[in-house]
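Notes follow once the structure below has been shown.
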Amino acid sequence: MQDLTGLTAVQLVEGYRKGEFSPVEATRAALDRAAGIQPEVNAFVRLTWEEALAQAGASADRWRRGEPSGALDGVPVTVKDILLMRGTPTLKGSRTVAEHGRWDEDAPSVARLRESGAVFLGKTTTPEFGWKGVTDSPLSGVTRNPYDPTRTAGGSSGGAAAAVALGAGPLALGTDGGGSVRIPAAFCGIFALKPTYGRVPLYPASAFGTLAHVGPMTRDAADAALLLDVIGVPDSRDWSALGPAAGPYSAALRSGVRGLRIAYSPSLGGQVAVQPGVAAAVRRAVERLAGLGAYVTEADPDFADPVDAFHTLWFSGAARVTQHLGPHQRELLDPGLREIRARGGRTSALDYLAAVDVRMELGRRMGRFHDSYDLLVTPTLPVTAFEAGTEVPKGSGHQRWTGWTPFTYPFNMTQQPAASVPVGTDADGLPVGLQIVAARHRDDLVLRAAHALYEAGAAGVPAQPGAGARRG
C-alpha cells in the first residue's frame, strides 16, 4: 500500500476526492509515524489518538457523501503547544502551567482548521513560553533534529518542524516571534511562512506583543498557501487582525517569478559570517530564480543590526509572561528564561519606547527598500543545526540565541512576511534554508517565489538515512 505519510496535504485531499484512500487511513499512518519517531526525536507533548481517529472517521463519512467541510477536511495537522486547542491542555513547555482546567477554547487558527474538518494529531514541543530559537524545556526535554538526533531541531517551533519532516502530519501550526517557524524549518529541511502580522489572528494575545506571528509549517509552498487560505481570515478576538485577503493564496502560486525584482543579500552587507556550505546552497538557489526570469541584483537593505532593540522588546515580553509567578515558581523556569526575564523587568518605559523608535525606523527603511525590490532573499540562518540541548553553538561566543539568527528577527520587528525554503544540504548532510522576504501584505509574492523554486526542483532536501529508514 502507498505510504500515506509521504503525501502532501494537496495530495491527500485529491486522494480523498478520488476515493483512493480515506482520512482514517491517513490519520492512522500519521499517528503511527508520530509514535515511532517520538522516542528518538521527541517532537510531541501529547498525541490525541482517540480524538484524531474520531475526527478522521467523521471526515471519511463526509467524503463518502461528497460533502467535505472545507479545503482541509481529513488532513492530519499538529498544533504547537503555545496555541489553545479545545479539550487538550496548553502547557507552553512550562512546569508553572497547571494541567488541570477546562481547556474549552480554540485559538483562532485552530478554530478555522476545526471548521474545515482537519484532524488534530496532537500538540508539539516548544521551549518554555517559546522564548528561544531551540526547542528544549524543563517540561518536555530536548527535541532533536530529524537529520541528526545529536543536533537541535531549532525553535521555538521545533517539534512542529520535526513532525512535518518525518511524516507525522503534512501540516503544522507554529508561532514566530523572532524566527520561530523559520529557524526550525531551515534546520529540519521543511517550508515555513511567517505571514504579515495580523494575517493569521492570534488569541490570547502574546506577551511578546506584535512581534508574535502564527504561521504554516509544511512540506512545500503549495501546502502552506492552502493552509494560509484556511487560517488567514479575521477573528473578532484579535483586534489587530487584518481583513480578508484579496484572493486565495493558492491561486497566486501559478504566477511564477518572471519579471520580479529580487535583491539578494548574502550577508546583510558583510554584517553576518555565513558558513560556506550555507552560502553556496543559497547562491545556487538564487541563480535558479534568475534562470526562471527574475531580475536578481546583489543588494543589501540599509540597516544596522537591531538586536539591542529586539532584546529590549523580547526580554520585556519574557518578564511580562512570567510576571504572575511567585519565587518558588520562578525557580522552576528554564535558567536562560529566568535570566532574560530579570533583565526585562529592569527595562523602563523610556527604554521600551526607544526600542519602538528603532523598530519604526527599521520599518521605514524596509518600506523604502521594497519600492525598488519586490523581494529580498537571504540565508535563513548563517549556520546549520548544532548540538542539541544548547542555546548557542559551542565556541561561537554568542550569549543568546539571537547571536546566530541575525537574518530572522529583524523581520518580526517590521512585521513583514518571510519564509524559509529548503535549498539543499551542506557537506555534513544538514539542511540549508533560504529566506524570502516581501513588503507587508505581499505574502503572495513570498509564496510565488517559493513555489517557483519547488516547481523548478531547486527546493527540498534529500531524505537522510535515519529519517528514510523511519519513513519506510
Side-chain angles (χ1 to χ4, degrees), residues 41 43 80 82 93 124-137 142-148 151-165 172-195 208 211-218 224 268 272 274-275 278 281-282 307 310-311 314 336 378-393 396 398 400-413 416-423 425-426 430-437 446 450 461:
V41 177
K80 183 181 180 181
I82 291 288
T124 54
T125 54
T126 176
E128 197 162 21
F129 299 111
W131 80 271
K132 61 183 175 180
V134 293
T135 301
D136 56 72
S137 75
V142 178
T143 297
R144 299 178 179 276
N145 192 287
Y147 281 71
D148 181 350
R151 300 178 188 247
T152 180
S156 62
S157 307
V164 170
L173 290 180
T175 63
D176 190 315
S180 289
V181 300
R182 291 161 289 155
I183 294 166
F187 278 178
C188 294
I190 69 163
F191 180 81
L193 171 68
K194 177 186 76 68
F208 297 101
L211 294 172
H213 304 227
V214 178
M217 305 180 72
T218 60
L268 294 180
V272 184
V274 179
Q275 288 179 353
V278 172
V282 171
V307 67
F310 179 80
H311 280 169
W314 194 252
T378 74
T380 306
L381 299 168
V383 299
T384 50
F386 51 86
E387 183 179 359
T390 60
E391 185 184 343
V392 301
S396 66
H398 300 312
R400 295 262 75 99
W401 61 273
T402 44
W404 52 270
T405 61
F407 293 111
T408 60
Y409 57 78
F411 304 110
N412 290 80
M413 298 179 75
Q416 293 172 249
S420 182
V421 185
V423 290
T425 57
D426 68 2
L430 296 169
V432 171
L434 170 147
Q435 180 174 234
I436 304 173
V437 184
V446 174
V461 292

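Positions are given from 1, in the same order as the sequence printed here.
Side-chain contact between Tyr409 and Leu211 is absent, with no heavy-atom pair separated by less than 4.5 Å. Side-chain contact between Ser157 and Pro184: present, with at least one pair of heavy atoms (C-beta onward) separated by less than 4.5 Å. Between Val437 and Phe407 there is no side-chain heavy-atom pair separated by less than 4.5 Å. Contact annotation: the side chain of Glu391 approaches that of Trp131 to within less than 4.5 Å [non-hydrogen atoms, C-beta and beyond]. Pro216 has its side chain within reach of Pro195: a pair of non-hydrogen atoms, C-beta onward, lies under 4.5 Å apart.
Looking at every heavy atom in both residues, Asn145 comes nearest to Thr152 through ND2-O, 3.0 Å. Of all heavy-atom pairs between Ala186 and Leu381, the closest is CB-CD1, 4.0 Å.
For Lys194 (side chain) and Ala212 (main-chain N/O), no donor-acceptor pair under 3.5 Å exists by modelled atom type. In this structure, Asp176 contributes its side chain and Val181 its backbone to a donor-acceptor pair below 3.5 Å. In this structure, Gln435 contributes its side chain and Ala418 its backbone to no donor-acceptor pair below 3.5 Å. Using a distance-only test at 3.5 Å, with no hydrogens or angles considered, no donor-acceptor pair links the side chain of Asp426 to the main chain of Val278. Judged purely by atom type and a 3.5 angstrom limit, Gln275 has no side-chain atom pairing as donor or acceptor with the backbone of Val383.
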- Task: Quick one: do Thr143 and Thr135 satisfy side-chain hydrogen bond (donor to acceptor under 3.5 Å, both in side chains)? Show the steps, please.
- Result: CA-CA 6 Å; Thr143 297; Thr135 301; 5.3 Å; no

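Below 30°, between 30° and 60°, or above 60°: for Trp314 and Phe208 the angle between ring planes is below 30°, a parallel geometry. The aromatic rings of Phe187 and Trp404 lie parallel to each other, with less than 30° between the two planes, well short of the 60° mark.
Evaluated for a side chain to side chain donor-acceptor pair (under 3.5 Å) with Ser156, the options Glu128, Lys132, Lys80 yield exactly one hit, Lys80. Each of Val423, Thr425, Val432 was compared with Val461 under the side-chain contact (heavy atoms from CB on, under 4.5 Å) criterion, and only Thr425 meets it.
Note that the CZ atom of Arg151 and the OG1 atom of Thr384 stand 6.0 Å from one another [nearest 0.5 Å].
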